[in-house]
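These notes are about the structure you will find just below.
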Amino acid sequence: MDASFWLLQFLNAMQYSMLLFLLSIGLTVIFGLMHFVNLAHASLYMLGAYFGISVSALTGQFWLAFILSPIIVTLIGAILYYTLIDRMRAAGPMNQVLVTFGLIFVILDLVRLGWGDIALGLDAPDALAHTVSFWGISYPAYRLFIIALGLTIMISMWVVLARTQIGAMIRASVENADMAASLGIHVGRLFFVVFCFGCALAGLAGVAAAPIFSATTTMGITILIPTLIVVVIGGLGSLEGAIAGSLIIGFLETFGAVLLPSLSAVLTYILLAVILVLRPQGLIPARG
Amino acid sequence: MKSLFAKMAMATSLGLGMISVQLPAHADTKVGLILPYTGTYAALGNAITDGFNMAIEEAGRTDEFSIVTEDTEAKPPVGLAKARKLVLQDKVDVMVGVVSSGVLGAMRDFVHQSQTPLIVANAGNNLATGENCSPYIVRVSFSNGQINRPMGTWMAENGIKTVYTLAPDYSAGHQMIESFSAAFTAAGGEIAGSDFTPFGQTKDFGPYLTNAQSSGADAIFVFYAGGGAINFVKQYGSFDIKTPLYGSGFLTSPLYVAAEGDAAIGVRASLHYIPTLDTPENKAFVDAFMAKHGTMPSEYSVQGYDAGLALMAAVDAGGADKKNIAAALPNVSYVGPRGALEIDPATNNIVQNIYVYDTVMGDDGLTQKLIDTIPSVRDDVAGCQM
Amino acid sequence: MLEVKHLSKDFGGITVIRDLSFTVNAGERRVILGPNGAGKTTLFHLLTGVEKASSGSISFAGKNISKMNAVERARVGIARSYQKNNLFEHLTIRENLMLAAAAATGKSRWFFRDVINQADMKTRIEETAEQVALTDQLDLMVSAVSYGNRRQLEVGLALATKPALLLMDEPTSGVGPAMIDTFHQLLETLPRDITILIIEHDMDLAFSIADRITVLNFGEKVFEGTPEDTRGNPTVRQIYLGGGDGTYGATNDHA
Amino acid sequence: MFYQTRLRTITLILALGFLAVYASFGSYFAREIVIEITILAILAISLDFCAGFGGMVSLCHGAIMGISAYAFSIMSVKLGLPSVPSAMIGLMAAVVFSGLVGWVTARTSGIFFIMATLAFGQMAYTFFFKSRWLGGDDGMGGIDRFNLSWLGVDMNDALVFALFGVAVLLLVYVIAAILLRSGFGRILSGIHSNENRMQAVGINTANHKAMAMAASGLMAGIAGILAAQHTLYISPELLIWTVSGEVLLVVILGGIGTLIGPVVGAIMLVMLKHELSNYTDYWHMVVGMVLIFAVLAGGRGIFGQIEYWLITRHSPKTPHLPPAKEKDLA
């Protein structure tokens, strides 16, 4: 195992971490703000992939799909927000689990009706459908693009949350929604904006992942558990937690796969159990 | 929706049955299709059903067979419950189907004890026609060993010295790779390395691909199916891996090859059926299938089709009831889209050609180019006692 | 009965309790006084084992209990009521008292027998309810009774365990004058086999029930003596009564 | 806090009576459905015991059930022990596993507890999935039904076995009800209501919760033995987290914290699923919509909602209703 092996696997780990980050950041911020466990978040990821494939097939334009698909998913998210999510905010976590679980089932079968049971693929755009050689390795350009995309979003979210007024409002509302409301923040509108933003990121993750992974009807359920693990390991509702969690899981799964293949199926679960036993609130809890 | 139509079809045929009391008519054979229609394997269940129905319809014998469909959801306990229902409540004469080996394992003892003939149209577990064989279980699809052993020998004979293998970490994956490796090393090859990827969880093969390439092996041999196959082939392509890719033919099945795109070009694989076989039987089958469904048939639709042919042949040879079908099935032989087929009475597994093929770009997209045929591949009698 | 020696507690460099020593005799009513932030509630946390002391020792009934955790200290007979209601909100008052009594009598390991209708439990629940004047409200949910009733239940939960030492953290916090009288009566009628340590801001109540008073300021004991001595003590007057900063009778939080 | 009210007793009798009648007069497949319902209902009671009354929303109950089924089958098939001692060992394995999980995860709560139990359950699943001695994902068969011929009962008869399942369900309900009415169960409800105060009055809540998980494991273990006896074949599918997820759905759908609600939920879900799958391959969507409407209609679950209507009609200030629990997940 030489340096190029480590570099390659580092890039693989980064690429996976960034996808996990795009998914988990929406879930964790929605939870942190609204105390809402949205299990259907992963279904929106699936919709992102399928809409991306359809738009791309209809127009032949990958980048159009890349922009349109998150927008469509956001619209669906907005509809869900007004029909269900908003109503369920005070209904208690058990009911939220039940409703969003129901949504998973509904969206799953709607996707089956719309796109069929056969797995679909999406080609990477021509500009990125090659490999890039550097430092003695060659690596798919599209994967480098995903790493760059994830890092960009990660850093801009950091800046927005830490430096801007809306970031301060979000942080205040995570700390104490009542207090935030009394300071004149329109909490309801803020929730809606954040929820839509989370949906857009889920859709973006879906369409971004489609050229690497095929789109299948089970992709939502399969990604749900790793995403929840990221969110929980990091600590619910915390941006830093989602970053730490997705990096930990991305690196653990990638290096576990090549260094400890016989254990790789359970490594994540072992880590999850150990972290929760030692730090029952996750690594970087949002509050307290 | 499928089963709604099936119900209507059943109701119609029952009505005909009642009329037929006054008429000297065919004996009615009741067939239970036991396949996944929801969950991971839904696409396979539908493909097999299409093939089976086509065989019966082409023969013009739809009145003779009444069909009950049940969804196994790829869950062994559900499969067993549905098998019990078909046999004990619907009183079917014969069952056709079973996609996953887990479901077959769950049903096996019940099928054996209830003496209901079962025509396996997919599940490839070696043990089902080996150690756990039964006079009532006949397989017209393939066994995991049957597809991969010939490829092991063939690759060694064609100058490949070292191979790195990859497959999902579950029973079928292990069986496929083991039979390949055994044949490959017996013919003088060497396994450079081997990874089993976590079943159902692995989406990113990047780490494994880079590992396989750096092993310096002459070739990579893999078994992946369904969504896993698409991911694997696409990622193989995107990493621009120079080591040639070989695999069990499910890797580039016609069902998935379109989604794999250009990355599939040049992948070499072995399978018991490819739709480009140049035989009159296959041409007729492909044309009929294209006319009906507008897509190329896959090995799964052929398995369903051949299950239908085998069933009709058994009914013709013996009779339409449970006992006669069970007795006749192991001796069935006919020529189908796959070529000449027979059931080996020693194991009840099918004896068939295995085709080595390349995926190439044809006039209307990706297609299969036959490279070599290994004729009449027969499984050893590995511990099967009827 | 209770002997505290050189007790100290730091929270990340801030000393909340500093070298505190005092002794409470069996059956005594001891009132703890001190302005907000004096470390009174922290002292209770240390005595009940919720917080571990940084140094020093605590003996109870002749035994060193410094190393015991909260559960073990409850088992040796130290009970506590909270300044902020800490009740079983979604249960009835009867159930609340039953839980405390069942826990104290080791009936948590009864796997087959119910405790709620068992004769001696019933007696104990009803006795406690009478002590804290909740007999009429026994079958109401906690969420359905008044704030004052909840303050009474807060003490009731501690009493139902039949403690040897009862720590009361501002039982009258937030209640009106009528309710303060109720608590006054309650404290008067409690049998002398219960030793009581009480944090109280209502001066009339404090001075009328106390055998002795300990005054804390900035985590240190600044005075200890009878109520009369306390009234006359200039230091106490200066830091507490005469401070003029409004802390007298204050009820807000110093947790 | 649990009370075996008259409404609950009536519902229990109606539910069990319905199952017995449906099995006796229904077709062959009705008996399969009844057994399927009883296994799911037992597992749901087991989960309601720790989730509804102890606040421990576990996502490893499928794994507990599977461990019991595997331990039972290893003993009886691989080691040739008689069925009764094998079943005992199966139950012990389930109790030990769930007790350990409960003990180790005692400090976590809400979604953190859910995820921690998910982790342990998936570890157990992976263990059996990869164990080639036990057949891996192909599972293992060769299990025999209990031999009750000395009672003049043929367990291989589908009707007899279905009625046996109903009897076991009744037994598990009674065990759960007795435990919940006992001092142990009362304290468990107290911990659910206010763990901190329960410690203050002298309860080692971590140990108590671990014991509650162990007791719940015993019931889940019974479901496991029954499942192995039913299919005479077991596979790692029993342990996968989606099984636990489905049980959780049943509990919430029926009414969490009511003990009888889960039985109602199990009947509803299984019947719905089987009826729908006769007509459409898209029955998941209908199940999903039912779940959503169940919540929009009140969110107490089917039985919970009925109980709420009946009680609030009689006395608006009602003492024993499970309130909307805000702390279970958050």
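To find a chain, count down the sequence lines: A is the first, B the second, and so on, and within it residues start at 1. Bear in mind that the values here come from a model prediction, so they are computed numbers and not experimental data.
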So, for D:M123 and A:Y269, which heavy atoms are closest and what is the spacing to 0.1 Å? CE-O, 3.3 Å

A:L84, part contacting chain D, at a heavy-atom distance under 4.5 Å: side chain

Is the closest side-chain heavy-atom distance between A:L113 and D:M285 below 4.5 Å? yes

On a heavy-atom basis, the closest approach of A:L276 and D:A116 is CD1-N, 3.5 Å

Identify the two heavy atoms, one from A:R112 and one from D:Y282, that lie closest to each other, and give their separation to 0.1 Å. CB-CE2, 3.6 Å

Minimum heavy-atom distance A:D109-D:W283, with the two atoms named: OD2-N, 3.8 Å

Heavy atoms, side chains only, cut-off 4.5 Å: are A:F105 and D:L249 in contact? yes

Under 4.5 Å heavy-atom distance to chain D, tell me which part of A:I270 shows up: side chain, backbone, both or neither. both

Between A:L103 and D:I292, what is the shortest heavy-atom contact and its length? N-CD1, 3.9 Å

Closest approach of A:L228 to D:M115 (non-hydrogen atoms, all atoms of both residues): CB-CE, 3.4 Å

Given heavy-atom pairs under 4.5 angstrom as the criterion, report whether the side chain, backbone, both or neither of A:L267 touches chain D. neither

Determine, stepwise, if the pair A:V99 / D:L291 fulfils side-chain contact (heavy atoms from CB on, under 4.5 Å). CA-CA 6 Å; A:V99 160; D:L291 294 178; over 6 Å; no

Which portion of D:W241 sits near chain A, non-hydrogen atoms under 4.5 angstrom: side chain

Residues, nucleotides or ligands: over 12 heavy atoms within 6.0 Å of D:F127 CZ: no

Side-chain contact, heavy-atom cut-off 4.5 Å: D:T108 with A:Q281? no

